[in-house]
Amino acid sequence: HAKANGKNNFQLFNQELIHHMEKKLYLETSLSKAVEEGQLFLHYQPQIDIIQNKIVGVEALIRWQHPELGLVAPFDFIPIAEETGLIIPIGEWVLRTACRQNKEWQKAGYPPLTIAVNISIRQFMSHNFLTKLKSILLETQLDPQYLELEITESIASDVTYTKKLLRDLQKIGVKVSIDDFGTGYSSLGYLSRLPINKLKVDRMFLSELNDKNKAVTKAVIALAKSLDLEVLAEGVETDAQADFLKEQGCELVQGFRYYKPMKSEEIEALFK
Ligand code: C2E
Ligand code: MG
Ligand code: MG
Ligand code: MG
């Protein structure tokens, strides 16, 4: 009996594995067509200065409207895009769309915003990233000071290359922030020598306002100040979190407490 059961379990496992692989292959295949078939679009989440009480930027967040599966979340397809290399054309599409949108808002006379764009390590490390970025800025005519690239701590892997690229980005006037800060493994010594502009405190540290999380958040805010960097807290959902951040001198926030990610038309409605 036990043996038969074991076999059944194995078959079940096998079926699940096949199902999983088929689903992944299916996603991969359809993702490769997503750009040209216009299934990708961007949502924008406002970033607020809580001292001046105004929206100072928006983060562009990718969305995929799949013809059969409906809306697919970035956590379900960005890893596949990274693995397959599709992140290169997709990332380029995101950059171009975000820069174009920001330029359009400026032309329409809205107060100038910084647009923050998430950049995968694979995209950041690709040999012609800087060339592509420059040509997108030229094509869209967006002033580079209104573009911010969000990278993660994992870029720390290749020190020489990263430093050179970050320096080049500072030269052209594009800003750089470290996303999900506190969840990676970068050494503070290393970080303090990188030419970056901002730390984004990971929302994990705000999700539960216990003593440990408060201590980490305080430390990151203090670190940013001492390195002369800006600091933004992500995932602010409650008044208690907002009050705590204000007390700690964190001026920039982003989260459902203020605005959810929204369509470009909804951003426009905010300014009308
Ligand atoms: P992220 O860059 O850290 O973006 C913040 C995520 O937190 C977004 O999820 C946003 O919707 C969510 N969020 C914002 N405020 C709150 C809040 O108050 N509470 C909670 N619970 N969540 C909040 P989203 O849009 O699902 O994106 C997930 C991740 O996917 C992003 O994390 C980023 O790492 C990646 N991603 C999104 N768009 C792109 C893109 O265009 N390119 C690349 N390479 N990655 C992207
Ligand atoms: Mg981000
Ligand atoms: Mg983040
Ligand atoms: Mg993230």
Review point. Does the Asp179 side chain pair with the main chain of Glu150, one donor and one acceptor, at a distance under 3.5 Å?
Key: no

Point to revise | Side-chain (Gln101) to main-chain (Thr97) donor-acceptor, under 3.5 angstrom | key: no

**Study point:** Chi angles and distances behind the side-chain hydrogen bond (donor to acceptor under 3.5 Å, both in side chains) call for Asp143, Gln106
**Key:** CA-CA 10 Å; Asp143 183 335; Gln106 291 180 4; over 6 Å; no

**Study point:** salt bridge (charged side-chain N to carboxylate O under 4.0 Å, His left out) assessment of Arg100 paired with Glu104
**Key:** CA-CA 6 Å; Arg100 193 181 284 155; Glu104 267 170 33; 5.7 Å; no

**Study point:** Closest heavy-atom pair and its distance - Ala98, Leu42
**Key:** N-CD1, 3.9 Å

Practice item. Using the rule that two of Ile, Leu, Val, Met, Phe, Trp, Tyr join whenever any of their side-chain heavy atoms come within less than 4.5 Å, decide whether Ile48 and Leu252 are in one cluster. Key: no

Exercise for review: Tell me, yes or no, whether the heavy-atom count around Lys225 atom NZ, taken from other residues, nucleotides or ligands under 6.0 Å, exceeds 12.
Suggested key: yes

Review point. Atom OG in Ser135, atom CG in Leu95: separation rounded to 0.5 Å?
Key: 10.0 Å

Check your understanding: Side chains of Cys99 and Glu139: does their closest heavy-atom pair fall under 4.5 Å?
Key -> no

Study note, to complete from the structure: All heavy atoms of Ser120 vs all of Ile78, minimum pair found to be OG-CG2, 4.3 Å

Practice item. Tell me, please, whether Phe244 has Lys214 positioned over its six-membered ring: NZ or CZ under 6.0 Å from the ring centre and within 45 degrees of its axis? Key: yes

Practice item. Identify whether Met204 and Leu223 are in the same connected component of the hydrophobic contact network (ILVMFWY, side-chain heavy atoms under 4.5 Å). Key: yes

Check your understanding: Would you say the side-chain atoms of Asn197 pair up with the backbone N or O of Val176, donor to acceptor, closer than 3.5 Å?
Key -> yes

Review point. Are any of the side-chain nitrogens in Lys246 or Asp243 under 4.0 Å away from the carboxylate oxygens of its partner?
Key: no

Practice item. Would you check if Leu169 and Leu133 make a side-chain contact, meaning some heavy-atom pair closer than 4.5 Å? Key: yes

Practice item. Mark yes or no for whether Gln241, through its side chain, and Leu206, through its backbone, hold a donor-acceptor pair below 3.5 Å. Key: yes

Check your understanding: Are side-chain heavy atoms of Ile178 and Leu229 found at a separation under 4.5 Å?
Key -> no

**Study point:** ILVMFWY cluster, Val236 and Phe256 together (side-chain gap under 4.5 Å)
**Key:** no

Review point. Would Lys175 and Leu147 satisfy side-chain contact (heavy atoms from CB on, under 4.5 Å), going step by step from the backbone distance to the final call?
Key: CA-CA 6 Å; Lys175 300 201 173 69; Leu147 174 64; over 6 Å; no

Practice item. Report the relative orientation of the aromatic rings in Trp105 and Tyr44; use parallel for angles under 30°, tilted for 30 to 60°, perpendicular for over 60°. Key: perpendicular

Exercise for review: Decide if atom CG of Asp211 counts as having more than 12 heavy atoms of other residues, nucleotides or ligands within a radius under 6.0 Å.
Suggested key: no

Check your understanding: Met262 and Leu270: side-chain contact (heavy atoms from CB on, under 4.5 Å), yes or no, with the steps?
Key -> CA-CA 11 Å; Met262 51 181 109; Leu270 286 178; 4.0 Å; yes

Point to revise | Backbone of Thr131 reached by a side-chain donor or acceptor of Asn128 within 3.5 Å | key: no

Review point. Any side-chain heavy atom of Ile119 within less than 4.5 Å of one from Phe124?
Key: yes

Point to revise | Atom pair CD/CG of Gln45 and Leu61 - distance to nearest 0.5 Å | key: 6.5 Å

Check your understanding: So is Lys164 actually on top of Tyr161's ring, under 6.0 Å and inside 45° of the axis?
Key -> no

Check your understanding: Using the ring of each side chain (for Trp, its six-membered ring), is Phe271 parallel, tilted or perpendicular to Tyr110, with breaks at 30° and 60°?
Key -> tilted

Review point. Of Arg203, Glu234, Lys200, which meets side chain to side chain donor-acceptor pair (under 3.5 Å) against Gln254?
Key: Lys200

Point to revise | Pair Glu83 + Lys24, salt bridge at N-O below 4.0 Å | key: yes

Review point. Do Ile196 and Ile172 share a hydrophobic cluster, counting only Ile, Leu, Val, Met, Phe, Trp and Tyr and linking them when any side-chain heavy atoms are less than 4.5 Å apart?
Key: yes

**Study point:** Pairwise distance CD1(Ile62) to CG(Asn118) - rounded to 0.5 angstrom
**Key:** 9.5 Å

Review point. In Å and rounded to the nearest 0.5 Å, what is the CD to CD1 distance from Glu247 to Ile221?
Key: 10.5 Å

Practice item. Measure from the side-chain N and O atoms of Glu208 to the backbone N and O of Phe205, and report whether any donor-acceptor pair falls under 3.5 Å. Key: no

**Study point:** Residues which pass side chain to side chain contact (heavy atoms under 4.5 Å, CB included) with Lys54, listed by chain and number, not counting sequence neighbours
**Key:** Gln52, Val56

**Study point:** Verdict with reasoning, Thr217 to Leu245, per side-chain contact (heavy atoms from CB on, under 4.5 Å)
**Key:** CA-CA 9 Å; Thr217 305; Leu245 292 165; 4.0 Å; yes

Point to revise | Taking every non-hydrogen atom, the tightest pair across Val72 and Phe77 | key: O-CE2, 3.5 Å

Review point. With side chains defined as the heavy atoms from C-beta onward, is the minimum distance between Lys198 and Leu232 less than 4.5 Å?
Key: yes

Revision key, fill the gap. One should read off an interatomic distance between Leu27 CG and Glu22 CD, to the nearest 0.5 angstrom, of 12.0 Å

Check your understanding: Does Leu194 share a hydrophobic cluster with Leu227, counting links as ILVMFWY side-chain heavy atoms below 4.5 Å and allowing steps through other members?
Key -> yes

Review point. Which heavy atom of Thr183 sits nearest a heavy atom of Asp180, and at what distance?
Key: OG1-O, 2.7 Å

Review point. Any ion pair linking Glu82 and Arg122 (charged N to carboxylate O, less than 4.0 Å)?
Key: no

Point to revise | Donor on one side chain, acceptor on other, Glu68 and Tyr26, under 3.5 Å | key: yes

Check your understanding: Donor-acceptor pair, Glu230 side chain versus Leu199 backbone, under 3.5 Å?
Key -> no

Check your understanding: Under the side chain to side chain donor-acceptor pair (under 3.5 Å) test, which residues partner Glu266, sequence neighbours left out?
Key -> none

Review point. Would you say Arg63 and Pro74 make side-chain contact, with heavy atoms under 4.5 Å?
Key: yes

Exercise for review: Apply the test side-chain contact (heavy atoms from CB on, under 4.5 Å) to residues Val35 and Trp93: give CA-CA distance (whole Å), side-chain angles for both, the deciding distance (0.1 Å), then the verdict.
Suggested key: CA-CA 8 Å; Val35 174; Trp93 177 87; 4.1 Å; yes

**Study point:** Nearest heavy-atom neighbours spanning Pro195 and Gln170
**Key:** O-NE2, 2.9 Å

Practice item. Using a 4.5 Å cut-off on heavy atoms from C-beta on, say whether the side chain of Leu149 contacts that of Val174. Key: yes

Review point. Glu28 and Leu86: which non-hydrogen atoms are nearest, and at how many Å?
Key: O-CD1, 3.9 Å

Point to revise | Donor-acceptor under 3.5 Å (Lys103 side chain, Leu142 main chain) | key: no

**Study point:** Separation of Gln47 CD from Leu113 CG (nearest 0.5 Å)
**Key:** 9.5 Å

Point to revise | Contact check, side chains of Glu148 and Glu59, non-hydrogen atoms, under 4.5 Å | key: no

